[in-house]
S.K.: 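This is the structure I have questions about; it appears just below.
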Amino acid sequence: MNDQSVHYPWFKRQDLDAFFALFQNNLANFVVITVTMLGMGFPASIVFGKVIPGTAVAVMAGNLYYSFMASRLAKKENRSDVTALSYGISTPVMFVFLFGVLAPALALTNDPDLAWKIAVAAAFISGLIEAMVSLTGNWIRDHLPRPALLGALAGVAFSFIAGEMLFHTFAIPIVGLVALAIILVGFVGKVVFPFRMPASLLAVVVGTILAFALGHQSPGEVSEGLSNVGFYPILPSLAAFDGMTLLFGTAVGLLGVLLPITIYNAIETMNNVEAMAAVGDSYDVRECQAVDGTGTMLGAVFGGLFPTTVYIATIGSKEMGAGRGYSILNAFVILAAAVTGMIAALSALIPLAAIAPVLVFVGMSMVAAAFSTTSSRYFPAVALAMLPYLANYTMTRFNNPAGDVVADISEGIVPLGQGALFTAILLGAVTVSIIDREWRRAVIFTLTAAVFSFAGFMHAPALAWNAAPDFTAGYLAVAVFFGFCAWQHRHQAQFEQPDKQERQVS
């Protein structure tokens with residue numbers, strides 16, 4: 001037995017690749033926040049002076065804590081190949097907070113400052129709820145089949161990451177295709193580039209040069225981005241507590257948005273932690289949910305208004321061979337970019353087509369991991385669990401006229417896409433139960449789907465009693481059918497056992 005401790009490095013070359021993937025993901029979210037809030041009419045003093053720095057505090061704190069967790073796991077298991085969990089703003093939840101909390105708050109108050117305070121209060125409460133949900137995190141993880149969780153995760157990766165980023169890659173063919181080729185050669189082909197330059201960095205540099213050379217990027221865009229560069233100090237704020245009065249008063253209707261989206265965020269974290277366990281790095285899901293909730297609350301104290309989560313991109317970082325260094329580097333770079341206003345400048349400089357291929361690879365890795373870490377007998381469950389997110393992607397990308405646009409394809413797209421996370425996990429769990437002939441578990445999961453449909457967590461646009469009656473009735477009918485299957489299975493077993501004994505005697 002070798003008692004010598006394995007050295008776990010603070011930083012290694014592979015961390016640089018993973019850093020660019022994680023930083024791009026965070027940067028893209030910060031850019032969306034900036035553009036959307038400025039477009040809504042929020043002043044730069046709130047966007048750049050409060051929201052961006054506050055959110056950066058949450059991102060920094062979580063990244064540093066997850067690097068600490070990776071160090072602890074490496075020491076415990078005496079391994080040097082542990083990858084820290086990727087962390088940042090939850091993209092789906094970000095859109096909900098922008099258009100489901102912030103925009104209604106602005107319409108209600110007609111005051112950007114008050115609307116910001118309401119949204120910050122909502123974020124603080126969301127973080128508090130997730131921290132409380134963490135008490136049951138491991139129990140949920142132990143009782144939900146892994147193929148169902150991984151299938152739901154793969155659905156997100158296939159549609160919103162690999163699929164969407166591939167669309168952006170092909171938006172500027174020469175830039176995107178060249179960058180994609182570099183990523184595939186470096187990560188899939190395992191080819192080492194001259195000077196051992198990381199594939200992700202090379203793809204971004206070459207793609208950006210091509211974009212400027214071909215006129216897809218102009219110096220004017222860079223100048224516009226640089227105009228927002230300055231110093232934005234990070235200061236604590238009482239906005240979260242000031243906003244509580246309005247949130248529990250005039251804007252109390254917004255509380256109905258918080259519960260389902262916070263549960264979604266907690267399950268998203270659980271899914272991503274489960275995915276990492278499948279490839280060798282097992283973290284405590286309760287601790288991760290508590291970190292995400294605490295990070296969200298901390299960001300709210302400094303003016304941020306967006307919940308955070310463990311990222312799906314962690315599998316891509318693991319595939320790249322990253323350790324803890326990429327998480328530490330991301331923490332400080334994001335903080336520096338927020339404090340100096342460089343977020344706007346970087347978003348203006350780097351074309352999305354040049355950096356999207358990095359996330360295409362991350363999405364590819366997630367889908368591949370969902371199957372490669374699952375027994376082949378459960379492949380049908382993984383595949384079925386992926387499909388609700390295809391509906392969710394179609395629905396959300398035609399968000400305004402969703403019903404009109406997709407009705408000609410199928411009237412089932414919108415309800416299947418509503419609450420896709422819950423639908424994906426429960427359909428996958430039911431399928432696993434059928435494969436294992438665990439009919440009682442199938443009944444339980446189906447009844448859960450009926451309850452979720454009744455309450456509006458699935459197949460409905462909002463929480464309400466009897467929100468989706470047709471789906472509630474459908475799931476109840478299926479539960480009865482599975483109950484019959486359970487009775488038949490037990491009845492057959494009773495008759496098969498004596499027959500088996502008689503054959504053994506004879």
S.K.: First locate atom CD of Glu319, then atom CG of Asp17, and finally report the distance between them rounded to the nearest 0.5 Å.
M.R.: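 The CG atom of Asp17 is 12.0 Å from CD of Glu319, to the nearest 0.5 Å.
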S.K.: With rounding to the nearest 0.5 angstrom, report the CE to CG distance, Met342 to Leu349.
M.R.: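 Reported value, rounded in 0.5 Å steps: 8.0 Å.
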S.K.: Determine the minimum heavy-atom distance between Ala467 and Ser453, stating which atoms define it.
M.R.: CB-O, 3.9 Å
S.K.: Give the C-alpha distance, both sets of side-chain angles, the deciding distance and a yes or no for side chain to side chain contact (heavy atoms under 4.5 Å, CB included) between Lys50 and Leu305.
M.R.: CA-CA 10 Å; Lys50 301 180 185 296; Leu305 54 89; over 6 Å; no
S.K.: Considering all heavy atoms of both residues, which atom of Ala157 and which atom of Gly363 are nearest to each other, and what is their separation?
M.R.: CB-O, 3.8 Å
S.K.: Taking atom OG1 of Thr245 and atom CD1 of Ile118, what is their separation to the nearest 0.5 Å?
M.R.: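 The CD1 atom of Ile118 is 10.0 Å from OG1 of Thr245, to the nearest 0.5 Å.
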S.K.: Check the pair Phe231, Val339 against side chain to side chain contact (heavy atoms under 4.5 Å, CB included), reporting the backbone distance first and the verdict last.
M.R.: CA-CA 6 Å; Phe231 177 64; Val339 171; 3.5 Å; yes
S.K.: Any side-chain heavy atom of Ile89 sitting closer than 4.5 Å to one from Tyr311?
M.R.: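 A side-chain contact under 4.5 Å exists here.
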S.K.: Kindly say whether Val310 contributes a backbone atom to a donor-acceptor pair with the side chain of Thr314 at under 3.5 angstrom?
M.R.: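 Between the backbone of Val310 and the side chain of Thr314 there is no qualifying donor-acceptor contact (under 3.5 Å).
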S.K.: Under 4.5 Å between any side-chain heavy atoms of Met320 and Thr83, yes or no?
M.R.: no
S.K.: Would you check if the side chain of Glu274 reaches a backbone N or O of Leu149 as a donor-acceptor pair within less than 3.5 Å?
M.R.: no
S.K.: Does Asn392 use its side chain to pair, donor to acceptor, with the backbone of Gly417 at less than 3.5 Å?
M.R.: yes
S.K.: For the OH atom of Tyr87 and the CD1 atom of Ile334, what is their distance to the nearest 0.5 Å?
M.R.: 12.0 Å
S.K.: Hey, could you give me the CD/OG distance between Glu164 and Ser159, rounded to the nearest 0.5 Å?
M.R.: 9.0 Å
S.K.: Can you measure from CE (Met386) to CZ (Phe158) and round to the nearest 0.5 angstrom?
M.R.: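 Rounded to the nearest 0.5 Å, the CE-CZ separation comes to 6.0 Å.
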S.K.: Under a 3.5 Å threshold, yes or no: a donor from one side chain and an acceptor from the other, between Ser86 and Tyr326?
M.R.: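 Ser86 vs Tyr326: donor-acceptor pair found between side chains.
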S.K.: Compute whether any side-chain donor of one residue and acceptor of the other, for Asp292 and Tyr66, lie under 3.5 angstrom apart.
M.R.: yes
S.K.: Are Leu335 and Ile234 packed together at the side-chain level, in the sense that at least one heavy-atom pair is separated by less than 4.5 angstrom?
M.R.: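 They are in contact (side-chain heavy atoms under 4.5 Å apart), so the answer is yes.
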S.K.: So Phe454 and Trp465, would you call those rings parallel, tilted or perpendicular, with 30° and 60° as cut-offs?
M.R.: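 Tilted.
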S.K.: Does some side-chain heavy atom of Leu246 sit less than 4.5 Å from a side-chain heavy atom of Leu114?
M.R.: yes
S.K.: Test side chain to side chain contact (heavy atoms under 4.5 Å, CB included) on Leu73 and Tyr283 and set out the steps.
M.R.: CA-CA 8 Å; Leu73 181 61; Tyr283 292 96; 3.9 Å; yes
S.K.: Would you say Ile174 has more than 12 foreign heavy atoms packed within less than 6.0 Å of its CD1?
M.R.: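 Result for CD1/Ile174: open.
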S.K.: CZ of Phe302: more than 12 outside heavy atoms within 6.0 angstrom?
M.R.: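 Atom CZ in Phe302 is crowded, with more than 12 foreign heavy atoms closer than 6.0 Å.
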S.K.: Please examine the side chains of Trp116 and Ser237, heavy atoms only from C-beta on, and report whether any two atoms are closer than 4.5 Å.
M.R.: yes
S.K.: Taking the side chain as every heavy atom from C-beta outward, state whether Leu98 and Met37 have any atom pair closer than 4.5 Å.
M.R.: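 Yes, close enough: below the 4.5 Å cut-off.
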S.K.: Classify the side-chain pair Ser126/Thr262 by whether it contains a donor and acceptor separated by less than 3.5 Å.
M.R.: yes
S.K.: Can you name the closest pair of heavy atoms from Gly62 and Val291 and give their distance?
M.R.: CA-CG1, 4.5 Å
S.K.: Do other residues, nucleotides or ligands put more than 12 heavy atoms under 6.0 Å from the NZ atom of Lys318?
M.R.: yes
S.K.: Backbone N or O of Pro415 within a donor-acceptor pair of the His459 side chain at under 3.5 Å?
M.R.: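 At least one qualifying donor-acceptor pair exists.
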S.K.: For the pair Ile328 and Asn63, evaluate side chain to side chain contact (heavy atoms under 4.5 Å, CB included) and give the outcome as yes or no after the intermediate values.
M.R.: CA-CA 6 Å; Ile328 298 172; Asn63 273 278; over 6 Å; no
S.K.: Ignoring hydrogens, what is the shortest heavy-atom contact between Arg72 and Glu287? Give both atom names and the distance.
M.R.: NH2-OE1, 2.6 Å
S.K.: Under the 3.5 angstrom rule, does the side chain of Asp15 hit a backbone N or O of Lys12 as a donor-acceptor pair?
M.R.: yes
S.K.: Counting distance only, does the side-chain N/O of Ser327 pair as donor-acceptor with the main-chain N or O of Arg324 below 3.5 Å?
M.R.: no
S.K.: Can you find a heavy atom in the side chain of Leu38 that is under 4.5 Å from one in the side chain of Phe48?
M.R.: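 Of all side-chain heavy-atom pairs linking Phe48 with Leu38, at least one is under 4.5 Å.
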S.K.: Between Thr308, Asn29, Asn265, Thr309, which is the residue that forms a side chain to side chain donor-acceptor pair (under 3.5 Å) with Ser90?
M.R.: Asn265
S.K.: Looking only at heavy atoms, what is the nearest atom pair of Gly207 and Val175, with distance?
M.R.: O-CG1, 3.4 Å
S.K.: If you take the centroid of each ring, where Trp contributes its six-membered ring, are Phe20 and Phe23 closer together than 6.0 Å?
M.R.: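 Not close enough - the centres of the two rings lie 6.0 Å or further apart.
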S.K.: Taking the side chain as C-beta and beyond, is there a heavy-atom pair between Ile46 and Val51 under 4.5 Å?
M.R.: yes
S.K.: Which word best sums up how the rings of Phe471 and Tyr475 line up, parallel for under 30°, tilted for 30 to 60°, or perpendicular for over 60°?
M.R.: tilted
S.K.: Tell me if a side-chain donor or acceptor on Asp281 pairs with a main-chain N or O of Ala84 at a distance below 3.5 Å.
M.R.: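 Judged by distance alone, no pair lies under 3.5 Å.
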S.K.: Please give me the minimum heavy-atom distance between Phe457 and Phe422, naming the atom from each residue.
M.R.: O-CD1, 3.6 Å
S.K.: Is it the case that the side chain of Asn26 and the backbone of Leu22 share a donor-acceptor pair, with hydrogens and angles ignored and the cut-off at 3.5 Å?
M.R.: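 Indeed, once roles are kept as given, a pair shorter than 3.5 Å links the two residues.
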